[in-house]
Amino acid sequence: MERANEVLNLRSGESEMVSEIVVNPHEPQVGPSFYEDFALRGIRVDRVQPGFIFCTFKVPPRLIDRTGNLAGGAIANLIDIVGNALIYRLGQPMNVSVDMSISYLSNAKLDQDELEITSKLLGKIGSVSGTSVIIKNKVSGEIIAEGRHSLFSRLKSKI
């Protein structure tokens with residue numbers, strides 16, 4: 001319990017840093033939201049083909065944990081977003097994650113590691129699609145994480 005409290009409590013100065021974050025109101029479909037700017041800024045889409053996306057991403061300071069590694073939540077977010085990007089269609093309702101399974105296999109360090117993020121469509125049955133996302137260290141080829149993602153796509157109403 002003591003260790004959990006230590007991890008969850010803010011260190012000196014961290015509280016002030018958090019209170020200084022400015023979150024401007026966001027008008028939907030106009031510019032990036034706070035979430036998009038914070039969590040997704042820096043992803044570079046290098047190649048897109050039907051059923052395949054290849055991106056690169058350098059580990060930024062805003063997404064690291066206290067040990068200097070890319071945070072587990074940031075990894076989960078990358079798997080969610082890049083897996084979802086495969087099946088998202090402009091003008092259609094947003095897809096909903098049904099299930100996501102992630103294997104965390106290694107660490108990615110701040111400013112040292114550039115990552116390759118590969119997403120492949122595994123298949124689609126009706127309104128449910130499955131994707132596989134692999135995050136690797138670009139230089140060493142070491143797999144940082146591998147995720148499988150099931151998504152539900154609601155068709156636009158005909159009414």
Side-chain angles (χ1 to χ4, degrees), residues 7-8 10-122 129-153:
V7 170
L8 295 174
L10 294 176
R11 295 181 183 157
S12 105
E14 289 179 331
S15 179
E16 290 80 26
M17 289 172 47
V18 170
S19 67
E20 291 174 3
I21 294 175
V22 176
V23 180
N24 295 315
H26 178 252
E27 195 174 327
Q29 308 299 324
V30 179
S33 67
F34 173 78
Y35 163 75
E36 292 164 331
D37 187 49
F38 185 82
L40 305 177
R41 182 174 16 112
I43 294 177
R44 187 177 70 227
V45 179
D46 298 312
R47 189 168 12 135
V48 176
Q49 297 170 244
F52 179 83
I53 294 176
F54 179 81
C55 306
T56 50
F57 184 67
K58 187 149 180 145
V59 179
R62 68 184 183 279
L63 298 180
I64 61 166
D65 61 18
R66 289 187 176 173
T67 63
N69 296 314
L70 183 62
I75 290 171
N77 184 62
L78 289 169
I79 289 171
D80 183 28
I81 294 299
V82 179
N84 192 350
L86 275 176
I87 61 171
Y88 175 75
R89 298 294 175 258
L90 193 60
Q92 294 294 315
M94 189 58 103
N95 304 307
V96 178
S97 295
V98 176
D99 181 57
M100 193 161 51
S101 162
I102 303 170
S103 297
Y104 297 90
L105 304 169
S106 187
N107 294 317
K109 294 282 185 198
L110 168 66
D111 290 331
Q112 295 176 23
D113 293 332
E114 187 169 4
L115 307 176
E116 294 179 344
I117 307 167
T118 306
S119 182
K120 295 179 184 174
L121 181 65
L122 298 175
S129 300
T131 64
S132 171
V133 180
I134 297 175
I135 300 175
K136 291 197 299 190
N137 181 305
K138 187 174 184 176
V139 174
S140 71
E142 183 176 31
I143 296 176
I144 306 299
E146 182 175 0
R148 294 199 177 231
H149 194 193
S150 301
L151 299 121
F152 176 78
S153 303

Output for pair (Asp80 CG, Ile102 CD1), nearest 0.5 Å, gives 8.5 Å
In this structure, CG of Leu121 is separated from CZ of Phe52 (nearest 0.5 Å) by 12.0 Å
Of all heavy-atom pairs linking Ala76 and Met100, the shortest is O-CE, 4.0 Å
In short, Ser119 meets Gly83 closest at the heavy-atom pair OG-CA, 3.6 Å
Within 6.0 angstrom of Lys58 NZ, more than 12 heavy atoms from elsewhere: yes
When you compare the side chain of Leu78 with that of Val133, does any pair of heavy atoms fall below 4.5 Å?
no
Smallest heavy-atom separation, Ser132 atom then Glu146 atom, equals OG-OE2, 4.5 Å
Taken to the nearest 0.5 Å, the spacing of Leu105 CG from Lys136 NZ works out to 12.5 Å
Return yes if a side-chain donor-acceptor contact under 3.5 Å exists between Arg148 and Ser101, otherwise no. no
In terms of heavy-atom contacts, Ser97 and Leu151 come closest through OG-CD2, 4.0 Å
Going by atom types alone, do Asn137 and Ser106 pair a side-chain donor with an acceptor below 3.5 Å?
no
For Leu63 and Leu70 the tightest heavy-atom approach is O-CD1, 3.5 Å
Here the gap from Ile135 atom CD1 to Asp113 atom CG, rounded to the nearest 0.5 Å, amounts to 12.0 Å
Expected output: side-chain Asn84 to main-chain Ile87 donor-acceptor under 3.5 Å: no
Closest non-hydrogen contact found for Leu86 with Lys120 is CD1-C, 3.4 Å
